[in-house]
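What follows is a single structure, written as structure tokens, with notes after it.
A, B, ... follow the sequence lines: proteins, then strands. Residue 1 opens every chain. Atoms considered below: every heavy atom in the structure, side chains included; atoms not considered: hydrogens, waters and symmetry mates.
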2 protein chains.
Amino acid sequence: MPTALPPHTYLMIRKIESNYTLTSEEKLTLQKLPVQTVDVKPGQDIVKMGDQPTQCCLLLEGFSCVYKLTLEGKRQIMALHIPGDMPDLQSLHLQVIDINIASLSPCKLGFIQHRDLHLLFEQHPRLITPFWHETLVDASIFREWLLNVGQREGYSRIAHVICELLLRLKAVGLVEGNSFHMPISQAELADATGMTPVHVNRVLQSLRNNGLIHTNRRQIIIPDWQKLQEAGEFDSLYLHLKND
Amino acid sequence: MPTALPPHTYLMIRKIESNYTLTSEEKLTLQKLPVQTVDVKPGQDIVKMGDQPTQCCLLLEGFSCVYKLTLEGKRQIMALHIPGDMPDLQSLHLQVIDINIASLSPCKLGFIQHRDLHLLFEQHPRLITPFWHETLVDASIFREWLLNVGQREGYSRIAHVICELLLRLKAVGLVEGNSFHMPISQAELADATGMTPVHVNRVLQSLRNNGLIHTNRRQIIIPDWQKLQEAGEFDSLYLHLKND
DNA sequence: CGAAGTATTGAACATAGTCAATAACAGTGG
DNA sequence: CCACTGTTATTGACTATGTTCAATACTTCG
């Protein structure tokens, strides 16, 4: 007898359950949410500024990001998404999308219709809370990044982003020991930290030289978690992870 | 016969109504929300990192801000609040506060108990949406600030912040003609834009010299809205104001 | 009026950016 | 399996924007 595949909403439910106790009926309803999956290549726009989507996107596999461009074409990446994240949950209540969302690696996406979520919330009003919660954590991460980009020097900035990724990936089981896969180019890291690729490269070298990270392909190995956290002034409070 | 004073929730309701149609019963319930008012001096912390409040704060008069500090004591201001804003609405669902909120000018605050809001939402589930909406707009503003601080040069950054304030203040009726009161020191503007006070001072001078703003005390006069918007690369989409 | 906070100025300096060239790597098809 | 191609990473030299430090003027308010 074949084992049933987990539902597409598996990671989403897992995340919700780390903060909320779901009744078995609520959980079942979430498991049965209609999800339409799509595969996309790296570097593809998933949602664009000005769109008025009727569905939300759930990242099932891969990495994506939110970004905006200045008129001169400078790009700021404002958040990185990992499996289980819902990058455009805001579109449920903000009619016009004011950001761009793009894949950073090959991604598997699950699209959930707004009307299905609205229905879900009508039938189970208690479920509104964890979804609202998710958007509040997103906002918290934006704030921390603002502190990062506005006040920390390059060395700390990069260390901070790596710390955040480690903890978030750990929460969805994507960390093996002290290492994880980070399919992000230095140019993209530069856009995420408000630096130039050249400077990112130099900072990464000094992080390596100081023994805070090892890199192999796009695998990041963290030999000394304590030291990396200190370098990035990292305090995980803002991630609001319950099971630290 | 004396005219009844508007309820403390007046500005909040006004903001909600710019996006949602309230039934008269919903409106009445909102007007009757218990609000405890407090006056605070400039530069006072209202909420601190680590707090676990049982109430939300509604700004009735004055300006406040959200900020965080780095270990070396550098401060990043992440948002400015104007009357009608609810700076810590997030505390409804995030147990531990991960930011500091401080008054920038003398402020009148209204505190609303979480339990009263939860009751409100139980009785009128439809009202969850506008409050969720408010936190989504906050997040949108954080993102825009991240773009501002990460990718724009000083001149545009300051122009952008002024543009944002003008539109938001206009929405609550605090703009007279093309000018408004901005009780924020240059040092605070520096913390909001990730610059030094010295540099802010120089940028303000060049904005004045180019005729984009006039300043008088802490009154800002905007003689050429078009030019200021261009200088700040300002596009109001991210504010999600309905009545533009 | 006097004190404290705020704004302004100048000069030296530094972090990070720009430009440009080269090296390493990953994916492709013969 | 290897040459070919485009992308990504690395390096160096020069430059800029914005910082730091420190001194001076201006406001505001009791």
Worksheet item: If you find the nucleotide of DNA chain C closest to A:Arg217 and the one closest to A:Arg152, which residue's nucleotide is nearer the 5' end?
Response: A:Arg152
Worksheet entry | Greater than 12 external heavy atoms within 6.0 Å of A:Tyr10's OH | no
Worksheet entry | Nucleotide opposite D:dA16 in a Watson-Crick or G-U pair, distances under 3.5 Å | none
Fill in: side-chain N/O A:Arg157 vs C:dT15 OP1/OP2, d < 4.0 Å
no
Worksheet item: Counting only heavy atoms not in B:Gln205, do more than 12 sit closer than 6.0 Å to its CD atom?
Response: yes
Worksheet item: Between C:dG17 atom P and A:Glu72 atom CD, what is the distance in whole Å?
Response: 15 Å
Worksheet item: Between C:dA7, C:dG10, D:dG18, which nucleotide has the shortest distance from any of its atoms to the side chain of B:Ser185?
Response: C:dA7
Worksheet item: Base, sugar-phosphate, or nothing for A:Arg218, non-hydrogen atoms under 4.0 angstrom?
Response: sugar-phosphate
Discussion item. With side-chain hydrogen bond (donor to acceptor under 3.5 Å, both in side chains) as the criterion, how do A:Thr215 and A:Arg208 come out once you've worked through the C-alpha distance, each side chain's angles and the decisive distance to 0.1 Å?
Written reply: CA-CA 8 Å; A:Thr215 54; A:Arg208 280 191 290 252; 2.9 Å; yes
Discussion item. Syn or anti for D:dA16? Use the chi torsion, O4'-C1'-N9-C4 for purines and O4'-C1'-N1-C2 for pyrimidines, with syn inside 90° of 0.
Written reply: syn
Worksheet item: Among D:dA22, D:dT11, D:dG18, which nucleotide sits nearest the side chain of B:Val198?
Response: D:dA22
Worksheet item: Does OP1 or OP2 of C:dA7 have a side-chain N or O of B:Gln205 closer than 4.0 Å?
Response: no
Fill in: Opposite nucleotide pairing with C:dT15, Watson-Crick or G-U, both atom distances under 3.5 Å
none
Item to complete: Please determine if a side-chain N or O atom of B:Asn201 lies less than 4.0 Å away from the OP1 or OP2 oxygen of C:dT8.
Response: yes
Practice prompt. Classify the nucleic acid contact of B:Gly43 as base, sugar-phosphate or nothing, counting any heavy atom under 4.0 Å across all strands shown.
Written response: nothing
Worksheet item: Are OP1 or OP2 of C:dG5 and a side-chain N or O of B:Gln186 less than 4.0 angstrom apart?
Response: no
Item to complete: Determine the sole option in B:Leu80, B:Asn201, B:Val200 for which the side chain to side chain contact (heavy atoms under 4.5 Å, CB included) test with B:Leu189 is passed.
Response: B:Val200
